[in-house]
Number of protein chains: 2
Amino acid sequence: MRALHQPKRDQIQLAAVLYALSDPTRLAVVRQLAAEGERACGTFELPTTKATLSHHFKVLRESGLTHTRSEGVYRFISLRREDLDARFPGLLTSVLKAARKA
Amino acid sequence: MRALHQPKRDQIQLAAVLYALSDPTRLAVVRQLAAEGERACGTFELPTTKATLSHHFKVLRESGLTHTRSEGVYRFISLRREDLDARFPGLLTSVLKAARKA
DNA sequence: TCGCTTGTTAGATGATCGTCGAACAATCCA
DNA sequence: TGGATTGTTCGACGATCATCTAACAAGCGA
């Protein structure tokens with residue numbers, strides 16, 4: 001399997017993060033990660049195919065929002081909270097808070 | 001000139017706001033509005049045509065980020081700070097802060 | 001009224017996006 | 001080794017997007 005490239009903390013781009021968060025499916029993924037922590041790709045119950053979901057995971061990972069690790073046949077995804085809080089303080093928190101009410 | 005429709009405070013959608021902010025040109029407009037307050041459309045010095053800029057202004061307005069008023073032949077644009085802070089507390093502030101460093 | 005200025009709209013173009021089914025790759029287990 | 005499982009990649013599809021030029025609309029001043 002090809003190497004997963006995800007940006008380093010200082011290379012996370014604001015526009016990419018905002019764009020990634022502007023899609024309902026991806027925002028739902030981020031919200032679930034924020035609420036329940038790391039989880040396997042296959043455990044997200046969203047109304048889409050695994051191909052589409054895989055695409056969204058890629059966008060999230062490449063934007064710097066998520067970290068992905070392989071374990072056997074599974075892929076575990078988690079939010080890069082520390083990196084995001086360090087790079088863009090308050091951003092993720094306010095987005096998650098906004099998503100809760102919107 | 002046709003009526004400008006802009007959403008009411010409670011109708012501002014998070015996804016639309018994030019999407020509007022994910023474009024470099026629009027983010028630049030928002031940053032300038034945040035820094036210098038209300039200004040006329042024609043005073044933004046950005047590397048694009050006035051037609052393209054007009055399109056971006058429309059996206060910003062319809063997302064709820066900006067307010068537009070007509071005065072004679074001019075259009076004055078301003079950030080809807082109060083509405084945004086009320087609807088999505090901390091969001092705009094953290095985005096602007098992030099944009100400053102990014 | 002006539003020109004000038006400001007900004008929007010129409011139409012077109014190339015690029016990108018979200019989505020899907022199908023094929024492929026990687027891992028595990030019997 | 002051979003199947004089963006998990007997830008990615010490929011190719012294609014319509015839809016949407018950012019951009020441009022040109023034309024249009026609205027207001028102002030001479």
Side-chain angles (χ1 to χ4, degrees), chain A residues 1-7 13-33 38-79, chain B residues 1-6 13-33 36 38-79:
Chain A
M1 216 165 265
R2 212 166 295 177
L4 304 175
H5 76 79
Q6 26 207 346
Q13 297 296 316
L14 177 62
V17 169
L18 295 176
Y19 176 75
L21 291 171
S22 73
D23 178 87
T25 299
R26 290 192 292 261
L27 184 58
V29 169
V30 168
R31 293 185 67 189
Q32 291 189 30
L33 289 176
E38 186 187 60
R39 50 193 294 184
C41 287
T43 65
F44 291 87
E45 291 178 11
L46 292 164
T48 177
T49 65
K50 62 177 183 173
T52 300
L53 216 45
S54 185
H55 159 71
H56 287 309
F57 289 147
K58 185 181 179 186
V59 174
L60 287 170
R61 174 170 26 89
E62 293 183 346
S63 78
L65 274 164
T66 62
H67 172 262
T68 305
R69 69 179 176 89
S70 293
E71 188 176 311
V73 84
Y74 299 96
R75 289 270 173 115
F76 286 89
I77 304 183
S78 57
L79 258 187
Chain B
M1 218 166 264
R2 211 167 296 179
L4 305 175
H5 76 78
Q6 27 207 345
Q13 298 295 316
L14 176 62
V17 170
L18 294 176
Y19 176 75
L21 291 171
S22 72
D23 178 89
T25 300
R26 290 192 292 261
L27 184 57
V29 169
V30 168
R31 291 186 67 187
Q32 291 189 30
L33 289 175
E36 302 166 34
E38 185 186 61
R39 51 195 292 184
C41 287
T43 64
F44 292 86
E45 292 177 10
L46 292 164
T48 178
T49 64
K50 62 178 183 172
T52 300
L53 216 45
S54 184
H55 158 71
H56 287 309
F57 290 147
K58 185 181 179 186
V59 174
L60 287 170
R61 174 168 29 86
E62 294 184 345
S63 78
L65 273 164
T66 62
H67 173 261
T68 305
R69 70 179 175 90
S70 292
E71 188 175 311
V73 84
Y74 299 96
R75 290 270 174 116
F76 287 91
I77 304 184
S78 57
L79 258 188

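Below, chain A is the first sequence line, B the second, and so on; all start at residue 1. Values below: every heavy atom of this structure, side chains too, minus hydrogens, waters and symmetry copies.
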>> Looking at D/dT8, I'd like to know if its phosphate oxygens (OP1 or OP2) sit under 4.0 Å from a side-chain N or O belonging to A/Tyr74.
In response: no
> Would you say A/Thr48 reaches C/dC20's phosphate, i.e. side-chain N/O to OP1/OP2 under 4.0 Å?
Replying inline: yes
Taking only the side-chain heavy atoms of [X] (C-beta and beyond), determine which of [options] contains the nearest atom.
X	options	result
A/Thr49	C/dT6, C/dT27, C/dC20	C/dC20
B/Arg75	C/dG18, D/dA18, C/dT8	C/dT8
A/His56	C/dT19, D/dA18, D/dG27	C/dT19
A/Lys50	C/dT8, D/dT6, C/dG18	D/dT6
B/Ala51	C/dG18, D/dA22, C/dG7	D/dA22
B/Thr52	C/dG18, D/dT19, D/dG7	D/dT19
B/Tyr19	D/dA26, C/dT19, D/dA18	D/dA18

Could you tell me how far apart [X] ([atom1]) and [N] ([atom2]) are, to the nearest whole angstrom?
X	N	atom1	atom2	result
B/Phe76	C/dT6	CZ	P	11 Å
A/Glu62	D/dT8	CD	P	12 Å
B/His55	C/dA12	NE2	C1'	15 Å
A/Lys58	C/dT16	NZ	P	13 Å
B/Leu27	D/dA18	CG	C1'	16 Å
B/Leu21	D/dA18	CG	C1'	17 Å
B/Leu53	C/dG7	CG	P	9 Å
A/Phe57	D/dT9	CZ	P	13 Å

>> Cation-pi check for A/Tyr19 against A/Arg26: NZ or CZ below 6.0 Å from the six-membered ring centre and within 45 degrees of the axis, yes or no?
In response: yes
> Taking atom CG of B/Leu18 and atom CG of A/Leu27, what is their separation to the nearest 0.5 Å?
Replying inline: 7.5 Å
> Is a side-chain donor-acceptor pair under 3.5 Å present for A/Arg75 with A/Thr68?
Replying inline: no
>> Quick one: does any side-chain atom of A/Ser54 pair with a main-chain N or O of A/Ala51 as donor and acceptor, under 3.5 Å?
In response: no
> Around A/Phe44, counting heavy atoms of other residues, nucleotides and ligands shown, do more than 12 lie under 6.0 Å from its CZ?
Replying inline: yes
